[in-house]
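These notes are about the structure you will find just below.
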Protein chains: 2
Amino acid sequence: MGRRYDPERRQRIIDAATAVVRERGIVGLGHRAVAAAADVPLGSTTYHFATLDDLLIAALRQINAEWLAEVKRWAEGVDPAAPPADELARWLEEQLTGDRARMELEYELYFAALRHEGLRPLAAECLDETARLLTRLVPDAATARAVVALMDGLTLQVLLADRPYDREDIRAALARIMGGNGANGSTAG
Amino acid sequence: MGRRYDPERRQRIIDAATAVVRERGIVGLGHRAVAAAADVPLGSTTYHFATLDDLLIAALRQINAEWLAEVKRWAEGVDPAAPPADELARWLEEQLTGDRARMELEYELYFAALRHEGLRPLAAECLDETARLLTRLVPDAATARAVVALMDGLTLQVLLADRPYDREDIRAALARIMGGNGANGSTAG
DNA sequence: CATCGTTGTGTACACTCGTACGCATGGGAT
DNA sequence: ATCCCATGCGTACGAGTGTACACAACGATG
């Protein structure tokens, strides 16, 4: 019926592809690199994914799904009564200091979508879904989108300029953009 | 003394390189593509730029300088008495609708900096300089950085999700993050 | 048990790329 | 006028790529 020998083969290849993208970037994604990482022969990658684009999309889809799951997990677990800017600033810090590679991955996706039309829906979904998950914490949808934009921009600054993460500054900015005054946090400066 | 035959040759190559990046992205940058675009022989590009990296850096340096000049021109021309959020929102709209390719170029630079260490200073300079130029319009440096972040994030959303530019939403978000209330604009919704 | 088709593999081909290198060219010094 | 060398060019080479394709292995079907 299904694949006979190695039903997980396809998934392993996708996992390997995400690992390759993580380590070498999208430009480093190639059949051979993936095959080596997945410990499968070269022909296996071309068998499961006719073209390299398919493989790229599959990998980025998974990266995206993982990321959104992470966001969802956090967003649904956060206390709605707590000052949202505080929570957001702390969470972002955890992401940036903890698993920086994952964030880089997500921005790889964004930038790839800039040129690769087939990736736009994925990037758009990521943006929309993140904003949707944030609506619990902010007044309205437009604000949620603005918050997403701010976080993306801040992340970019940390990632690109190796700037240290200043939680208080960021908390204040988030608080302002959420429409409240910046002083309702725990330790207003 | 200097180059004898074609003193502008080097500059023409850089111009061609930026054109190539504009049209095909950084991945599309190659000696042959640049040579064709500049209408010079292949050997000429390798003569003036020993390695492809040199060429890429030269191109992105120029792209960056052009962009910063554009920002500077605008920032110094804007009326400091006018509501800054209005001005910013309008200007950003002009950039996004008018010369979208240039913005994509700037984000190409960001993208490259994510993986290419030698480009980080360039990206950092872009971020810092933009923030510095904005200090005329905002209360302090931290706010300027936040404004830059917000604009970057918003731009990303427009570019990636093909979302229409909603000037009023963006004006409101900018106004909030600048520390004033969002209602001091001209046409608060 | 024989046959067939699905699944998986190894190899080879056509192609592009960055770069090196030998050769042309023409101005400046003597 | 002659020589020299910085400048510029065309080509060729080795490496690496995506993909096609012929073959192997193995379960299902009669």
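Just so we're on the same page: letters track the sequence lines, and every chain starts at 1.
As a whole-Å value, the separation of B:Asp39 CG from D:dC9 P is 11 Å. Here the C1' atom of nucleotide D:dT19 and the CG atom of A:Asp54 are 13 Å apart, to the nearest Å. The distance between atom NE2 of A:His48 and atom P of C:dT6, rounded to the nearest whole Å, is 16 Å. The CZ-P distance, from B:Arg10 to D:dC9, rounds to 15 Å in whole Å. Residue A:Phe49 contributes atom CZ, which lies 14 Å from atom P of C:dT9 at whole-angstrom precision. As a whole-Å value, the separation of B:Leu52 CG from C:dC17 P is 11 Å. Whole-Å rounding puts the A:Leu56 CG to D:dG18 C1' distance at 14 Å. Rounded to a whole Å, the NE2 atom of B:His31 is 14 Å from the P atom of D:dC9.
Between the base of D:dG16 and the side chain of A:Arg32 there is no donor-acceptor pair shorter than 3.5 Å. Side-chain N/O atoms of B:Arg9 and base N/O atoms of D:dG8 include no donor-acceptor pair closer than 3.5 Å.
One hydrophobic cluster, built from ILVMFWY side chains closer than 4.5 Å, cannot hold both B:Phe49 and B:Leu42; they sit in different ones.
Ionic pairing of B:Arg100 and B:Asp162 is present here: one or more N-O contacts between side-chain nitrogen and carboxylate oxygen are shorter than 4.0 angstrom. Of the charged side-chain nitrogens involved, at least one lies within less than 4.0 Å of a carboxylate oxygen, so that B:Glu108 and A:Arg115 count as a salt-bridged pair.
Side chain of B:Ser44, nearest nucleotide from D:dC9, D:dG18, C:dT7: D:dC9. For A:Leu42, whose side chain is taken as the heavy atoms from C-beta onward, the closest listed nucleotide among C:dT11, D:dT11, C:dG18 is C:dT11. Checking D:dG8, D:dT19, C:dG18 against every side-chain atom of B:Tyr47, the shortest atom distance belongs to D:dG8.
Side-chain contact check for B:Thr143 and B:Asp140: at least one donor-acceptor pair (N or O, by modelled atom type) lies under 3.5 Å.
Among the protein residues, B:Thr46 comes within range of the nucleic acid bases, having at least one heavy atom under 4.0 Å from a base atom. Backbone-only contact: A:Leu29 has heavy atoms under 4.0 Å from sugar-phosphate atoms and none from a base.
Ring geometry for B:Phe111 against A:Phe111 counts as tilted: the plane angle lies between 30° and 60°, on a 0 to 90° scale.
For C:dT19, one of the phosphate oxygens OP1 or OP2 lies less than 4.0 angstrom from a side-chain nitrogen or oxygen of B:Thr51.
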